[in-house]
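Just so you know, these numbers use all the heavy atoms, side chains as well, and skip hydrogens, waters and symmetry mates. Per chain, numbering begins at 1; letters A, B, ... match sequence-line order.
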Number of protein chains: 4
Amino acid sequence: MPTSTTKRDDILDSALTLFAERGFDATTIPMIATDAKVGAGTIYRYFANKEVLVNTLFQHYVTLFKEALEKDYPEGAGIREQFHHLFQGMIRFTNEHDHALYFIKTHTSAYFLDAESREQFGHLLMIFEDFFEVGKQHGHIRPLPSKALIAIIFGGFLQLYQLIRVGELEASAELLAGVEESCWDAVRHHS
Amino acid sequence: MPTSTTKRDDILDSALTLFAERGFDATTIPMIATDAKVGAGTIYRYFANKEVLVNTLFQHYVTLFKEALEKDYPEGAGIREQFHHLFQGMIRFTNEHDHALYFIKTHTSAYFLDAESREQFGHLLMIFEDFFEVGKQHGHIRPLPSKALIAIIFGGFLQLYQLIRVGELEASAELLAGVEESCWDAVRHHS
Amino acid sequence: MPTSTTKRDDILDSALTLFAERGFDATTIPMIATDAKVGAGTIYRYFANKEVLVNTLFQHYVTLFKEALEKDYPEGAGIREQFHHLFQGMIRFTNEHDHALYFIKTHTSAYFLDAESREQFGHLLMIFEDFFEVGKQHGHIRPLPSKALIAIIFGGFLQLYQLIRVGELEASAELLAGVEESCWDAVRHHS
Amino acid sequence: MPTSTTKRDDILDSALTLFAERGFDATTIPMIATDAKVGAGTIYRYFANKEVLVNTLFQHYVTLFKEALEKDYPEGAGIREQFHHLFQGMIRFTNEHDHALYFIKTHTSAYFLDAESREQFGHLLMIFEDFFEVGKQHGHIRPLPSKALIAIIFGGFLQLYQLIRVGELEASAELLAGVEESCWDAVRHHS
DNA sequence: CATGAATGAGATTTCATTCAT
DNA sequence: TATGAATGAAATCTCATTCAT
């Protein structure tokens with residue numbers, strides 16, 4: 001009945017939650033093992049060591065997120081609709097993978113990320129960077145460095161979602177629409 | 001010649017830098033001692049243990065930040081000017097205390113913060129919360145939960161400053177003015 | 001086609017090589033399984049545990065060696081010819097069972113050998129002991145304790161064969177004849 | 001009262017004994033710590049890891065042995081006297097450093113020895129190699145490869161000393177003189 | 001006061017052994 | 001009978017904390 005790779009997935013799921021909640025260094029292998037209901041040694045059957053585990057997890061979700069953003073991207077549409085697509089992508093991804101985006105953000109500049117992880121993350125940023133660059137050329141987006149715009153959107157969105165996760169805010173459609181509008185106003189060029 | 005509290009301050013300075021750069025759990029007491037040029041044992045003369053140290057540090061900078069924001073607050077002025085005051089406060093504080101705000105943000109929901117730290121942090125948020133609440137009543141601020149607005153401003157600002165710290169962006173007056181405008185547009189009520 | 005005991009033999013062969021090359025403690029069951037091209041669990045079908053395996057191996061080769069020495073022993077011949085027989089036996093045995101003698105020597109006083117293994121090894125020594133005892137009585141052999149004479153011959157021979165195995169020396173007939181002569185001079189009574 | 005470096009020396013002493021008796025892999029850090037009467041963590045203050053410890057130990061005793069052999073070497077004397085010097089050096093060294101020579105021999109081709117250890121060991125062999133090479137040129141030594149001659153002497157001597165350590169033989173002056181004579185006959189050229 | 005050597009509890013990791021398939 | 005995934009006990013190693021100097 002259980003899927004074949006259940007164990008490996010259980011480990012990844014538990015690791016994601018714990019890394020997001022406590023951070024990499026404060027999460028011990030026994031904690032992950034207990035949460036995943038596997039023996040501690042089992043983790044090492046699937047991942048050579050703790051760093052490989054965290055990098056695997058990081059790359060997995062970064063890739064998934066990138067694909068979610070790229071899927072059905074409205075190439076020919078107006079910039080507002082494209083922004084909506086990206087923002088909805090963030091929301092949908094966060095809803096589907098509870099702790100993933102928060103985990104990504106809080107571990108983005110961690111000392112233990114390997115070259116591959118950093119590169120994958122670079123690819124992810126590129127989506128936003130391209131969007132902003134084109135938007136600036138057309139005069140639709142504020143003339144600020146794309147990196148800065150990304151930071152504002154990303155930083156704001158994730159800080160917000162942390163509140164939702166913690167339960168201090170509820171993710172109503174209304175709130176999310178309002179936040180999207182707020183973020184859009186943060187980056188769009190006001191004439 | 002050296003002030004009596006020199007060592008204590010050296011320890012706090014080193015701890016701030018290391019906690020901001022590596023996080024609490026990845027920072028060891030010997031690391032702090034080496035960086036502060038004191039013996040590892042000396043840290044325990046000033047702080048009962050590592051958790052007391054991090055809480056002391058957290059409360060110290062949260063309080064300092066709060067005071068910086070409250071100082072010369074333009075009570076009677078217009079909302080845009082008040083926002084400018086708060087934003088300038090963030091910038092000035094970050095310039096004066098290099099890693100402080102980033103340390104605060106990354107450790108805001110850490111498992112080892114004690115009640116006092118959480119309370120102090122609550123006080124800090126209150127400044128922004130009050131600002132937004134009044135602004136919303138007057139129709140100057142977007143009708144979103146204050147917590148959400150704070151998250152957007154704070155999250156965006158800090159994500160940005162991380163880029164500056166890492167060296168990916170330069171903190172020119174121009175950039176900062178642009179970012180302030182962006183953040184203001186994110187929270188203000190657009191008619 | 002394959003004999004039913006093939007797997008058992010494969011395991012013993014692999015274990016012999018690995019124990020000789022790395023030693024008992026540095027050799028893991030998975031290593032043996034991989035080398036023998038069987039599953040790790042299969043080893044436990046044939047041997048109750050790792051210690052049983054090593055003792056089985058030890059006794060097997062000690063017995064084999066003993067039989068090789070006893071076979072065609074020139075009872076009535078002169079002492080030099082008997083010595084030649086023993087020495088040739090060592091060489092032939094080593095050629096036939098690559099790592100066996102080296103494995104025996106390096107594990108001779110190991111903490112995990114059981115009573116049976118020690119006893120078997122005692123029997124093996126007895127052959128040499130008898131040879132030396134009789135030789136001393138007839139004045140052909142140096143008046144030293146037989147154990148000492150055995151140590152000299154055995155120790156020297158095996159140290160030499162290690163060099164051959166490692167490739168630092170080549171096992172030419174000439175070399176071996178020279179070494180036999182050397183060993184003989186080491187033990188014979190010089191008038 | 002205790003010497004300053006007592007702890008480090010205690011660790012090395014215990015490690016030597018245990019490595020000689022059980023081998024590197026069968027000796028655990030807690031075993032060494034217990035024997036040395038220090039905390040397990042203390043060992044890591046002096047040696048980065050177990051491999052560094054064993055290499056340090058190896059190099060220490062190889063060097064000590066080499067120096068013992070070189071000290072008062074009778075350069076101008078006859079070959080028999082030089083051989084006597086070397087043999088006595090082995091005996092004296094073994095008496096002074098109980099397990100050292102046996103430890104060296106049993107770990108000489110171990111997988112964990114680093115380049116420095118192997119080089120030091122090469123230097124040690126050189127002393128014997130030089131002795132045999134010169135001896136062969138003068139026709140005093142058997143025309144066998146020096147490596148082979150070294151193996152015979154070394155292998156024999158150490159195998160013998162193992163018996164002494166284990167208590168199966170007693171190291172009387174008589175026995176040692178006899179063994180020296182035996183070894184000399186093993187290597188000298190018989191006209 | 002200040003130090004850093006020493007410690008042991010606890011973290012990471014390995015591996016002999018079991019057992020469901 | 002054969003397998004190798006799974007396990008947990010035990011090994012290696014780290015580090016917060018203590019304490020003699």
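Between C/R22 atom CZ and E/dC15 atom C1' the separation is 13 Å, expressed in whole Å. Atom CD1 in D/I43 sits about 13 Å away from atom P in F/dT14, given to the nearest Å. Put simply, CG on D/D10 is 16 Å from P on E/dA5, counting in whole angstrom units. Rounded to whole angstrom, the span from the NZ atom of A/K37 across to the P atom of F/dA6 amounts to 16 Å. Regarding B/F47, its CZ atom lies at a distance of 15 Å from the C1' atom of E/dA2, rounded to whole Å. Per the geometry, CD1 belonging to D/I32 stands 8 Å off P belonging to F/dT12, to the nearest Å. Look at CD1 on C/I11: it is 10 Å from C1' on F/dA2, rounded to the nearest Å. If you measure from atom CG of D/L53 to atom C1' of F/dC13, you get 13 Å, rounded to the nearest angstrom.
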Starting at the 5' end of DNA chain F, write a dot or bracket for each base, bracketing those in Watson-Crick or G-U wobble pairs whose two distances are under 3.5 Å and using | for partners on another strand. .||||||||||||||||||||

Assign a letter to each nucleotide of nucleotides 15-21 of chain F from its 5' end: B, base within under 4.0 Å of a protein heavy atom; S, sugar-phosphate only; -, no contact. SSBB---

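The ring-ring contact (aromatic ring centres under 6.0 Å, His included) test applied to C/Y61 returns C/H97, not counting sequence neighbours. Qualifying ring-ring contact (aromatic ring centres under 6.0 Å, His included) partners for D/F24, counting only residues two or more places apart in sequence or in other chains: D/F19, D/F112. For the side chain to side chain donor-acceptor pair (under 3.5 Å) test, residues two or more places apart in sequence or in another chain that qualify with D/N55 are D/S117. B/A36 pairs by the side chain to side chain contact (heavy atoms under 4.5 Å, CB included) definition with B/D10, B/I11, B/S14, B/V38, not counting sequence neighbours. By the side chain to side chain contact (heavy atoms under 4.5 Å, CB included) test, A/L18 pairs with A/R22, A/T27, A/M31, A/I32, A/D35, sequence neighbours left out. Here B/H123 pairs with B/K66, B/E119, B/Q120 under the side chain to side chain contact (heavy atoms under 4.5 Å, CB included) rule; sequence neighbours left out. Under the side chain to side chain donor-acceptor pair (under 3.5 Å) criterion, D/S109 pairs with C/Q162, sequence neighbours left out. Evaluation of the ring-ring contact (aromatic ring centres under 6.0 Å, His included) rule for C/Y102 yields no partner, not counting sequence neighbours. Applying the ring-ring contact (aromatic ring centres under 6.0 Å, His included) test to D/Y111 and every residue at least two apart in sequence or in another chain returns nothing.
Contact check of residues 106-113 of chain C against DNA chain F (heavy atom, cut-off under 4.0 Å) returns no residues at all.
Contact of the B/V62 side chain with the B/F65 side chain is not registered, since no non-hydrogen atoms from C-beta on lie closer than 4.5 Å.
D/H107 places a side-chain N or O within donor-acceptor distance of the main-chain N or O of D/F103, the cut-off being under 3.5 Å.
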